[in-house]
Number of protein chains: 2
Amino acid sequence: MCVMAALRRGRPSRPVLSVAGIHAAALELVDEQGAAALTMGRLAERLGVQAASLYHHVVDKASVWEGIRRLVVAEMDWSAFADRPWDLALGVWARSYRAAFIRHVNTMPVLYTAPVAEPLTYQMYQVVCVGLAEGGWPETSLAEVLSAVEYLIAGSVLDHEALGEMFGRAAEMGAPLLAASIRSRSQVVVADRAFDLALDGLLIGLRAELARLQP
Amino acid sequence: MCVMAALRRGRPSRPVLSVAGIHAAALELVDEQGAAALTMGRLAERLGVQAASLYHHVVDKASVWEGIRRLVVAEMDWSAFADRPWDLALGVWARSYRAAFIRHVNTMPVLYTAPVAEPLTYQMYQVVCVGLAEGGWPETSLAEVLSAVEYLIAGSVLDHEALGEMFGRAAEMGAPLLAASIRSRSQVVVADRAFDLALDGLLIGLRAELARLQP
DNA sequence: ACCTGAACACCGTTCAAGT
DNA sequence: ACCTGAACACCGTTCAAGT
């Protein structure tokens, strides 16, 4: 935290805001305080500025969320699709995808439901789709393979990070077994191993399905 | 739609609102216009009443969402856990769970991320957990079995209903393969069959895992 | 071009006034 | 007890005024 002089009325001698800085501050805010804490007012406050000033750099709040999406996607690794077999590359991508969302769980409710309007994200999907297609997958199956992987990840991340919060009132509200199970399950290692198992299982299933599709 | 006389200032001779009526109207609103359309103002309007009046019956907006959760959960079928083997009951429950959320897709973003504070939902989980435990599953695995099933469902429902909206700009933003795949995949029947296959696969995996756990 | 301050419509919520 | 109308703090967004 730095103390900053209040800005005077007119244009500052050097710009105090930038698109990248706004997006970075927004992600920080969401990481620290959750998706609901991201308001234009609080984001501006964190940047030492008025809410209205943000609109000189971003068109609206939805575009701030797409900036956040870019930062999270940029942490993923889809490079293996360039030169490795599709199943191996899919495994590398899925693990990095999961790791990125574990670092930024609070972004999930929004990023998993808002329409994607962010070029880097589409670039990533294009590379993944090309890799799968070159691996022999028919066009009609690509979207389904992707959603299978993505929602396995979503489930795993929420299981890893949010299950306790989601079902926090299980004990007092008539679900003692669920409460006990969540309590006893709480080591991170378990969730990680469960993901590895589930991903390996999915990859086995996908290889079998592909063999069935192209005899 | 019925034309209603504007209400006068004081207490009406017969109550015009009820908790059940508010929850039902809220679910209708979300089904028709999406989660963002649920505001206390628009909900009140639909009920022919002022927003402030709602607070005589519900404590806050979050409790309205929990009322919606109850209505969706009430459409699910967990009766088979009473007298059928755990894997069969899990299959029946999962299919009814999926069908309920397909009828109410717009509720998913909120219901899947907001903490559960609704007794019927916990009752359902308790019955499911008891059924699994009686089937031989150790307490430590219950939460993971549940999340595996739930996120398979989430993935399938979003694939079924929302993939086109989510990736609507794929074609113009550099992901032509993804766009083509979503277009070519669009028959509902495919998504249904894919879910049946995936669920059967998951059940096979779970039976194997249970056998490994209790030799 | 890039900031402020004031304004707008809307949001969830509270509460005194009225029957 | 149960509705209205007025009020509150907050929200996203616009825009004229200022440098």
Side-chain angles (χ1 to χ4, degrees), chain A residues 2-27 29-30 33-68 106 109-110 113-115 117, chain B residues 2-26 29-30 33-68 109-110 113-115 117:
Chain A
C2 60
V3 179
M4 21 187 125
L7 288 173
R8 314 181 116 275
R9 182 101 213 244
R11 179 188 183 195
S13 48
R14 268 212 338 127
V16 300
L17 293 177
S18 69
V19 181
I22 290 171
H23 291 165
L27 178 54
L29 187 56
V30 172
Q33 301 178 37
L38 179 59
T39 69
M40 298 306 269
R42 285 200 245 187
L43 180 54
E45 188 182 29
R46 172 176 283 249
L47 290 160
V49 115
Q50 297 297 314
S53 311
L54 298 171
Y55 291 87
H56 290 282
H57 303 270
V58 300
V59 309
D60 57 15
K61 193 186 170 185
S63 80
V64 176
W65 271 110
E66 290 310 296
I68 289 176
N106 293 343
V110 177
T113 54
Chain B
C2 59
V3 179
M4 21 188 126
L7 288 174
R8 313 181 118 275
R9 185 102 213 245
R11 179 189 182 194
S13 47
R14 269 207 344 126
V16 300
L17 292 178
S18 69
V19 181
I22 290 171
H23 291 165
L29 187 57
V30 172
Q33 301 177 37
L38 181 59
T39 69
M40 298 306 269
R42 284 199 247 186
L43 179 55
E45 188 182 28
R46 173 176 282 251
L47 291 160
V49 117
Q50 297 297 314
S53 310
L54 298 171
Y55 291 87
H56 290 281
H57 302 270
V58 300
V59 308
D60 57 15
K61 193 186 169 184
S63 79
V64 175
W65 272 110
E66 290 309 296
I68 289 176
V110 177
T113 53

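In what follows, chains carry the letters A, B, and so on, assigned in the order in which the sequence lines appear, proteins first and then strands, with residues in each chain numbered from 1. The analysis underlying the following values was restricted to heavy atoms, covering all of them including side chains, and did not include hydrogens, waters or symmetry mates. Keep in mind that this is a model prediction, so the values were computed, not measured.
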Any N/O pairs under 3.5 Å between the protein and nucleotides 16-19 of chain D? List them or say none.
from, atom 1, to, atom 2, distance (Å)
dG18(D), N2, R11(A), N, 2.5
dT19(D), O2, R11(A), N, 3.2

Quiz item: Think H57(B) has a side-chain N or O under 4.0 angstrom from the OP1 or OP2 of dC3(D)?
Solution: yes
Quiz item: Is the shortest side-chain N/O distance from S53(A) to OP1 or OP2 of dT4(C) below 4.0 Å?
Solution: yes
Self-check item: Watson-Crick and G-U pairing of DNA chain D, under 3.5 Å, as dot-bracket with | and [ ]
Solution: ||.|||||...|||||.||
Quiz item: What is the distance from atom CD1 of I68(B) to atom CD1 of I22(B), rounded to the nearest 0.5 Å?
Solution: 11.5 Å
Quiz item: What distance separates N106(A) CG from L27(A) CG, expressed to the nearest 0.5 Å?
Solution: 9.5 Å
Could you report the tightest heavy-atom contact between [X] and [Y], atom names first, then the distance?
| X | Y | value |
| --- | --- | --- |
| G21(B) | L47(B) | O-CD2, 4.2 Å |
| V30(A) | W65(A) | CG2-CH2, 3.8 Å |
| P109(B) | T113(A) | CB-CG2, 3.5 Å |

Are [X] and [Y] side-chain neighbours, meaning at least one heavy-atom pair lies under 4.5 Å?
| X | Y | value |
| --- | --- | --- |
| E66(B) | H23(B) | no |
| R42(A) | Q33(A) | yes |
| L54(A) | V64(A) | no |
| L38(A) | K61(A) | yes |

Quiz item: Taking protein heavy atoms under 4.0 Å as touching, what does nucleotides 7-14 of chain C look like 5' to 3' if B marks base contact, S marks sugar-phosphate-only contact and - marks none?
Solution: ----SSBB
Exercise. Quick one: do H56(A) and L17(A) satisfy side chain to side chain contact (heavy atoms under 4.5 Å, CB included)? Show the steps, please.
Key: CA-CA 9 Å; H56(A) 290 282; L17(A) 293 177; over 6 Å; no
